[in-house]
Amino acid sequence: MKQKYDYLIVGSGLFGAVVACELNKKGYKVLVIEKRNNVAGNIYTEKIEGIQVHKYGPHIFHTSKKEIWDYVNQFAKFNNYINMPIAYYKGKYYNMPFNMNTFHQVFGVTTPEEARACIEKEIKEANIQEPKNLEEKAISMVGRTIYEMLVKGYTQKQWGRPCNELPPFIISRLPVRYEYNNNYFNDTYQGIPIGGFTQIVDNMLKGIEVRLGVDYLEHREELDSLANQIIFTGEIDRFFNYCYGALEWRSLRFEEEILDQPDYQGTAVVNYTEFDVPYTRVAEHQYFEPGQKHQKTVITKEYSKTWSVGDEAYYPINDTKNSELYAKYKLLAEQNPKIHFGGRLGTYSYYNMDVVVEKALQLVEELIK
């Protein structure tokens, strides 16, 4: 019997939505199912008090690839938001990422030469030749003072373990600049969709059948019978019923508040870098929409938490043990040509949104070949 759909796509996050959109454009019959009661995965935004609230933490689209920027701009108009988070440590605020403003605030220096001298002195004193963990990597980049103030506590909260037990690559992409430049990203293009991220996924899925509140793994046999091919964007280990054991993640908890005041912290994101402050950061969502003013404001306190099976998975712990475990699942996945795994959960990877879009487009190219 001929299947009703060419492709069943499990998950309506950015990866699944791009794949569904492109396959639909090419004439394939697509069904998208989603475990949650809304589309868009972790980029889901919801309008509250006239403000687009990032329900699963702040998301800023950024890329240096014009083709990826042009692609997402088909589905929404973007504003000119620039990501410039602030760090709070023991009653004082510091600019992020680490730049001349930060070095002036910490050391009192005013020139790149003075800043380099301070940091290079600390790096030399530490004498770390080959960083073996995140702590050594951070100190070899910015010295011990900034590491202790602005990296150590925040990172330990975020990952739930000491920095000397974390792999060094986690800190590698943190910018360090000897110039007065608070823009967190180095990418050419950057912004947030005017009207929120959810509309992007809604527009991608126009004309495509979407079923919400459906857990694929609870109805696998029935759903598998509907389609020739399956694209799975959930956790790869859950798909295989944790047959080799569970991959480890960090999870998050969000506390959202509507405040009866026009503003709260004066900026979109403040990172709390002291270990004793229980949350990692506070987002004030109105500041993701430059130029808007509201009578009330919405804030979200973000807490990192230990993950256990059944929790939302956010950050993969790509240490040696988990990388070896994922390799086993990947090998198992490759044995079934009907199933294709994608997205951060399906590939046990932490991707920026532009990479998610790029990888989704690459998968579509491979499928239609």
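Every heavy atom of this structure was used, including side-chain atoms; hydrogens, water molecules and symmetry mates were not.
Sorted by first and then second residue, the pairs that involve residues 351-369 and meet salt bridge (Lys or Arg N to Asp or Glu O under 4.0 Å), not counting sequence neighbours, are K65-E358. For residues 8-24, the salt bridge (Lys or Arg N to Asp or Glu O under 4.0 Å) pairs, not counting sequence neighbours, are E22-K25, E22-K26. Residue pairs meeting the salt bridge (Lys or Arg N to Asp or Glu O under 4.0 Å) criterion with at least one partner in residues 265-286, sequence neighbours excluded, are R281-E302. Contacts classified as salt bridge (Lys or Arg N to Asp or Glu O under 4.0 Å) and involving residues 125-147 (residues at least two apart or in different chains) are given here: K121-E125, R144-E148.
Going from atom SG of C163 over to atom CD1 of I170 covers 9.0 Å, rounded to the nearest 0.5 Å.
Shown here are the salt bridge (Lys or Arg N to Asp or Glu O under 4.0 Å) partners of K29, two or more places apart in sequence or in another chain: there are none. By the salt bridge (Lys or Arg N to Asp or Glu O under 4.0 Å) test, E122 is found to be paired with no residue, residues two or more places apart in sequence or in another chain being considered. Listed by chain and residue number, nothing satisfies the salt bridge (Lys or Arg N to Asp or Glu O under 4.0 Å) test with K77 (two or more places apart in sequence, or in another chain). Scanning for side-chain contact (heavy atoms from CB on, under 4.5 Å) contacts around Q158 gives Y154, Y315, with sequence neighbours left out. Checked against side-chain contact (heavy atoms from CB on, under 4.5 Å), Q335 has the following partners two or more places apart in sequence or in another chain: L331, L332. In this view, R344 satisfies the salt bridge (Lys or Arg N to Asp or Glu O under 4.0 Å) rule with no residue, not counting sequence neighbours. Scored by the side-chain contact (heavy atoms from CB on, under 4.5 Å) test, H294 finds I51, Q286, E289, Q292 as partners (sequence neighbours excluded). The side-chain contact (heavy atoms from CB on, under 4.5 Å) search around Y242 returns D237, R238, A246, V309, Y329, not counting sequence neighbours.
In terms of modelled atom types and a separation under 3.5 Å, the side chain of K157 and the main chain of V277 share a donor-acceptor contact.
Geometric assessment of K328 against the ring of Y244 yields a positive cation-pi assignment under the 6.0 Å and 45° thresholds.
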- Message: Between Y287 and D263, is the side-chain contact (heavy atoms from CB on, under 4.5 Å) condition met? List the steps.
- Response: CA-CA 9 Å; Y287 288 103; D263 46 49; 3.3 Å; yes

- With salt bridge (charged side-chain N to carboxylate O under 4.0 Å, His left out) as the test, would you mind laying out the steps for K296 and E257 before giving the verdict? CA-CA 10 Å; K296 296 184 179 182; E257 299 177 52; over 6 Å; no

